[in-house]
Q: 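Handing you a structure now.
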Protein chains: 2
Amino acid sequence: MLLSQTCIYGLRASALLASKSRADYTTIRELSDELDISFHFLTKVLQKLTKSELLESYKGPNGGVKLARTASDIKFMDVVLSIDGDSLLHECALGLPGCGILEPCPMHDQWSGLKQNIVTMMKDITLKDLANNYNSTHLTFDSFNKGNQV
Amino acid sequence: MLLSQTCIYGLRASALLASKSRADYTTIRELSDELDISFHFLTKVLQKLTKSELLESYKGPNGGVKLARTASDIKFMDVVLSIDGDSLLHECALGLPGCGILEPCPMHDQWSGLKQNIVTMMKDITLKDLANNYNSTHLTFDSFNKGNQV
DNA sequence: GTATATTAAGACAAAATAGTCTTATATATT
DNA sequence: AATATATAAGACTATTTTGTCTTAATATAC
Ligand code: SF4
Ligand code: SF4
C-alpha cells in the first residue's frame, strides 16, 4: 500500500467535504456515517488536517469541519503530506535502502520515472477533481473492495 | 510503502543470491551477514521463497539456499507475489475502496495507467538485472537510507 | 447559567507487522 | 554412532498501525 489507511480516510473525507457547500460546517458524525468510518478514528484523522490548515473546525451546535480553501485549491498531495508526511517523496517506495543518487540500483531509472509520475499526479489532482465525479457508493462501501480488478 | 519490509528482505537476498554461483549453496547466515538482516527473520522469509520454488534449500554441511532457476528466469514480480501475495495486482494502491471497473473514481484512468507501468516493470526486471549492477553498499547499509532523494 | 452539541486530546485496546529465540529435522564428516 | 552444520517450524516478544473509549474544552440556545 502506497498510502496509510489513515491517509485514505483523510482523502475520502476530504473528497466528500469537497462535494458539500463550504458555507456550512459538516459534522464529523455525518462524514463518518456516510463513509462508514469509525467516528472517533475519523475525528483524529481530521484533526491532523485541521492542524495543517486544510480544514477548519468549529465546536458546538452547527459546528463541524469544512475545507479551509476552495476544493480546487487543495491538492491530493496536500492531504497525503499532512497525514503520511513526506516519506513518499523521499523514500524509495520499493523499500530498497541506500538511495538512488549515489548508488542507483538497476531499477532506479525506471522506478524513479514512474514514481515521479505518481507524485506529479498527486500534485495535479485537487479535491475538486475528486468531488466532480464523486460517487458515494465508490467512496463508501468496503464491500466492493474485494476481488475487483484495477 | 508499496512492498512489505519482509518482501524487501526477500528481494535483497534474492538479488544477492543472483550474484553468486548457482553451483553452490549459500548459507542464510552469509546472506544475513552481508545484508545486515536478522538471520532468523531472513530464514523465515526465505522459507516462503523456497516453498514457492524460487529457491532450493539444502540442510546440513555445505547446505544453504540457491536460486531454483537461472537469475534471468526469475522476475522481481515472482518474489513479490511469493511474499506479499497478489494484493498489489488486485487492490488499488491508493487504497480507495470500491474498485475501478464499476465505479471509477476521477483518478482511475491516470492511476491505473501508472500502476500498470509499475506492474510491467516488476514483471520485466529479473534477478539477473538486479544482480548485474549489483552494489553491495547499496543493498546493504541502511545508513544510506535517510534523506536521500529518489 | 444550564443543557446540549460539537471538536480536541489523550488513555487505552486490538490487530497487523516485524523480529527473536528455541526446538526439530536433515545431512555430512569423522 | 557421534558430532557438527545447516534449514524448518513454531512459540514467543516487540513495535507500529489501527481502532475504541472517556474526559476536556468550546460554542449555542434557551
Ligand atoms: S536506486 Fe532508486 S530504485 Fe533502487 S532502491 Fe535506490 S531509490 Fe529505489
Ligand atoms: S477508481 Fe481506480 S483509482 Fe479510483 S479508487 Fe478505484 S481502483 Fe483506485
Side-chain angles (χ1 to χ4, degrees), chain A residues 1-13 17 24-33 35-68 80 82-85 87-88 91 95 97 142 145, chain B residues 1-13 17 24-33 35-68 80 82-85 87-88 91 95 97 142 145:
Chain A
M1 194 102 95
L2 207 52
L3 306 173
S4 72
Q5 190 60 37
T6 304
C7 188
I8 303 303
Y9 290 161
L11 285 164
R12 291 172 61 204
L17 272 176
D24 303 309
Y25 289 97
T26 303
T27 66
I28 299 176
R29 175 69 65 183
E30 183 179 336
L31 296 173
S32 70
D33 282 350
L35 297 170
D36 197 27
I37 300 171
S38 142
F39 165 74
H40 288 290
F41 195 62
L42 186 58
T43 294
K44 293 210 306 191
V45 175
L46 297 188
Q47 278 172 22
K48 286 198 179 188
L49 298 180
T50 303
K51 279 182 185 157
S52 307
E53 301 186 331
L54 298 176
L55 301 185
E56 284 171 8
S57 68
Y58 199 80
K59 293 175 183 172
N62 305 314
V65 293
K66 67 181 182 186
L67 298 187
V80 172
S82 168
I83 296 178
D84 277 352
S87 63
L88 187 72
E91 290 171 9
D142 279 18
N145 205 12
Chain B
M1 195 102 95
L2 207 52
L3 305 173
S4 72
Q5 190 61 36
T6 304
C7 188
I8 302 303
Y9 290 161
L11 285 164
R12 291 173 60 205
L17 272 176
D24 303 309
Y25 288 98
T26 303
T27 65
I28 298 175
R29 175 69 67 184
E30 184 180 335
L31 297 173
S32 71
D33 283 350
L35 297 171
D36 197 28
I37 300 172
S38 144
F39 165 73
H40 289 290
F41 195 60
L42 186 58
T43 294
K44 292 210 307 190
V45 176
L46 297 189
Q47 279 171 22
K48 285 197 180 191
L49 298 180
T50 302
K51 279 183 185 156
S52 307
E53 301 187 332
L54 297 175
L55 301 185
E56 283 170 8
S57 68
Y58 198 80
K59 292 177 183 172
N62 305 313
V65 293
K66 67 180 182 185
L67 299 187
V80 172
S82 168
I83 296 178
D84 277 352
S87 63
L88 187 73
E91 289 171 8
D142 279 18
N145 204 11

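Below, read A as the first sequence line, B as the second, and so on, with proteins coming before strands; counting in each chain starts at 1.
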Q: Could you tell me how far apart A/Asp84 (CG) and D/dT17 (P) are, to the nearest whole angstrom?
A: 9 Å
Q: Go nucleotide by nucleotide along DNA chain C from the 5' end; which of B/Ser38 and A/Pro61 gets its closest nucleotide reached first?
A: A/Pro61
Q: Which nucleotide, C/dT6, C/dA5, D/dA6, lies nearest any side-chain atom of B/Thr27?
A: D/dA6
Q: Can you tell which of C/dA18, D/dA6, C/dT7 lies closest to the side chain of A/Ser57?
A: C/dT7
Q: Rounded to whole Å, please give me the gap between CZ in A/Phe39 and C1' in C/dA5.
A: 10 Å
Q: So if I take every side-chain heavy atom of B/Tyr58 and compare against C/dA5, C/dT27, D/dT18, which nucleotide ends up nearest?
A: C/dT27
Q: Would you kindly compare A/Gly60 and A/Cys7 by the position of their nearest DNA chain D nucleotide and give the one closer to the 5′ end?
A: A/Cys7
Q: Once you round it to whole Å, what is the distance between P of C/dA13 and CZ of A/Phe41?
A: 17 Å
Q: Taking only side-chain N and O atoms of A/Tyr25, does any of them lie within less than 4.0 angstrom of OP1 or OP2 on C/dA5?
A: no
Q: Can you tell me how far P of C/dA26 sits from CD1 of B/Ile28, to the nearest Å?
A: 17 Å
Q: Please find the pair of heavy atoms, one from A/Thr50 and one from A/Ser57, that lie closest to each other, and give the distance.
A: CG2-OG, 3.7 Å
Q: Nearest whole Å is fine: how far is C/dT20 C1' from B/Arg29 CZ?
A: 12 Å
Q: Among the candidates C/dG19, D/dA9, C/dT29, find the nucleotide nearest to the side-chain atoms of B/Lys51.
A: D/dA9
Q: Return yes if the base of D/dT20 and the side-chain atoms of A/Lys44 contain a donor-acceptor N/O pair under 3.5 Å, otherwise no.
A: yes
Q: Tell me whether A/Asp84 contacts the main-chain N or O of A/Leu3 through its side chain, where contact means a donor paired with an acceptor under 3.5 Å.
A: no
Q: Hey, what's the ring geometry for A/Tyr58 with A/Tyr25, parallel, tilted or perpendicular (30° and 60° as the breaks)?
A: parallel
Q: How close or far is atom P of D/dA6 from atom NE2 of B/His40, stated in whole angstroms?
A: 14 Å
Q: Find the distance B/Glu53:CD to D/dA8:C1' and express it as a whole number of Å.
A: 16 Å
Q: Rounded off to whole Å, could you give me the CD-to-C1' distance for the A/Gln47 and D/dT26 pair?
A: 14 Å
Q: Side-chain N or O of A/Tyr9 versus OP1/OP2 of D/dT18: is the shortest distance under 4.0 Å?
A: no
Q: I need the minimum non-hydrogen distance between A/Leu17 and A/Val65, along with the two atoms involved.
A: CD2-O, 3.7 Å
Q: To check you understand the geometry: which heavy-atom pair defines the closest contact between B/Ser4 and B/Ile83, and what is its length?
A: OG-CG2, 4.4 Å
